[in-house]
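A, B, ... follow the sequence lines: proteins, then strands. Residue 1 opens every chain. No experiment lies behind these values; they were computed from the predicted model shown.
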Protein chains: 2
Amino acid sequence: MPLKNTGTEQLIKDTAKRLLFAEGKLHATTQEIADAAGVNRTALHYYFRSRDLLIAAVFQEAMQGLSQRLDECMESEKPFREKIDHLITVFLKDMIAFPYQETFLITEINTLGKELMNNIQSGPVNNFLKQVQDEMEKGTIEKINPIHFLMNLFSLLSYPLIMAPLYRQLFQISGKDFNALINERKKMIMHMIFKED
Amino acid sequence: MPLKNTGTEQLIKDTAKRLLFAEGKLHATTQEIADAAGVNRTALHYYFRSRDLLIAAVFQEAMQGLSQRLDECMESEKPFREKIDHLITVFLKDMIAFPYQETFLITEINTLGKELMNNIQSGPVNNFLKQVQDEMEKGTIEKINPIHFLMNLFSLLSYPLIMAPLYRQLFQISGKDFNALINERKKMIMHMIFKED
DNA sequence: TTTTTATTTAACAATTTTGTTAAACAAAAA
DNA sequence: TTTTTGTTTAACAAAATTGTTAAATAAAAA
């Protein structure tokens, strides 16, 4: 166990996170990760014992961070509209920084132990679904299955970012213009949800 | 070039397509593909020369098929509402059969030659975007940037299927129940788009 | 200073994955 | 039948990737 703490362990994790979740290099080798971090490949084994354990550590750290921030949003005492607004901001920020994070989760579920999946708590989500239901009964938002409401929200936020390379090709737009497009979406999504705006 | 045509070449492609795009095994080895197809691994090299060429062939075939079907939808002479209805049906069917197809495209863009990306035609899409614009001016659908309209549509269709394993865990629902949920979506999406329904 | 401890590295070994060669096999053509 | 052609396979080779060992280094403790 590290006592000196030269920051190398965290550097390796952060670098792996960047390669995997930000740049989408889903099968980055240990050599590529070591090179990107500027350390010897053996350092990866020293700190994490094996590639799989490094990946698991990175994944757990990232997932825990995101789901914690989302849970905070969902459990906050804000009025519903502000709560959604905040949730969108938090989630969108994460997606822009790490667009491949969820893709990675999905495609590596088989590889990673399923125990990691089980860490995902469904408590806060279920609570939030009930709130959504309440707002529907109040008439704030359209009446649909709250699960659809949540899936719609995440879909509208995530998918265009995941598919950015494809869409830029398809619509023939530059990276700059595409970013502008993405930044329009928060407002648009709020408008779609709260129709009376 | 094959003259006898024992069906092995197509069998290998279909098997690879299933593993990669349906089961999401994005780094299936040549051995795994060969085993799943019930042929010797050397047969893969006989027909495709290398793993990369096999993958490229599978990818090109799949992408060409999908974009052809979508182009047909977009260029058809149907009234707008029916056209969207049909587009949803076609796309959803493909997504249910091969939920990892687009994910694969995105994560392997770097690996695959970018020439494959350039094959994607933007003509039919641009044409369709103009039709969407027309319908907005007619008042059939809400006025937004047509690109957002299209991204929204594909997002709502694709994302829940890509994330199925995560959502099943999060909402604690069985595969059967989740399928029922997915089948509700077509109607719901039509309702979201054509609000007066 | 010497000793200890944590960290980093180079050299080596093992494993996994891909690619090649040459031979066996099967079906149609000569 | 023999020959030819295409197909399939086993055995081998090469490359890429991961994992291990032991030595070098550097900083704190004795």
Q) Which nucleotide in the set D:dA10, D:dT18, C:dA10 lies at the smallest distance from any side-chain heavy atom of A:Thr30? A)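 My answer, after comparing the listed nucleotides, is D:dT18.
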Q) Among the nucleotides C:dA10, C:dG19, D:dT8, which one has an atom lying closest to any side-chain atom of B:Thr8? A)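 Minimum distance to the B:Thr8 side chain belongs to D:dT8.
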Q: Check whether any side-chain N or O of B:Tyr46 sits under 4.0 Å from OP1 or OP2 of C:dT20, and answer yes or no.
A: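 Answer no for this pair, as no side-chain N or O of B:Tyr46 is under 4.0 Å from OP1 or OP2.
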Q.
So, does A:Thr29 get its side chain near the phosphate of D:dT17, meaning an N or O under 4.0 Å from OP1 or OP2?
A.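 For A:Thr29, the contact criterion (side-chain N or O under 4.0 Å from OP1 or OP2 of D:dT17) is not met.
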(Q) Hydrogens and angles aside, do B:Arg185 and A:Asn152 bring a side-chain donor and acceptor to less than 3.5 Å of each other? (A)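 Side chains of B:Arg185 and A:Asn152: pair found under 3.5 Å.
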Whole angstrom is fine here: how far is it from [atom1] in [X] over to [atom2] in [N]?
X	N	atom1	atom2	answer
A:His45	C:dA10	NE2	C1'	15 Å
A:Asn40	D:dT18	CG	C1'	13 Å
B:Leu11	D:dT8	CG	C1'	13 Å
A:Gln10	C:dT7	CD	C1'	17 Å
A:Leu44	D:dT21	CG	P	18 Å
A:Asp35	C:dT8	CG	C1'	15 Å
B:His27	D:dA16	NE2	P	19 Å
A:Glu32	D:dT18	CD	C1'	13 Å

Q) Could you give all pairs that pass the ring pair (Phe, Tyr, Trp, His ring centres under 6.0 Å) test and reach residues 122-161 of chain B, with sequence neighbours left out? A)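 Output for this query lists B:Phe91-B:Phe154.
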Q: Taking the side chain as every heavy atom from C-beta outward, state whether B:Tyr47 and B:Leu54 have any atom pair closer than 4.5 Å.
A: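 In short, these two side chains do not touch, never coming nearer than 4.5 Å.
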With a 4.0 Å cut-off, would you call [X] and [Y] a salt bridge?
X	Y	answer
A:Glu135	A:Lys138	yes
A:Glu32	A:Lys25	no
B:Asp85	B:Lys186	yes

Q.
Does anything in residues 50-60 of chain B come within less than 4.0 Å of DNA chain D? Heavy atoms only, and list the residues if so.
A.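 Hits under 4.0 Å, by residue number: none.
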Q.
So that I know where these two stand, are B:Phe171 and B:Tyr167 an aromatic pair - ring centroids less than 6.0 Å apart?
A.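 Ring centres of B:Tyr167 and B:Phe171 closer than 6.0 Å.
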Q: Please figure out whether A:Gln31 or A:Thr42 has its closest DNA chain D nucleotide nearer the 5' end.
A: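 The residue closer to the strand's 5' end, by nearest nucleotide, is A:Gln31.
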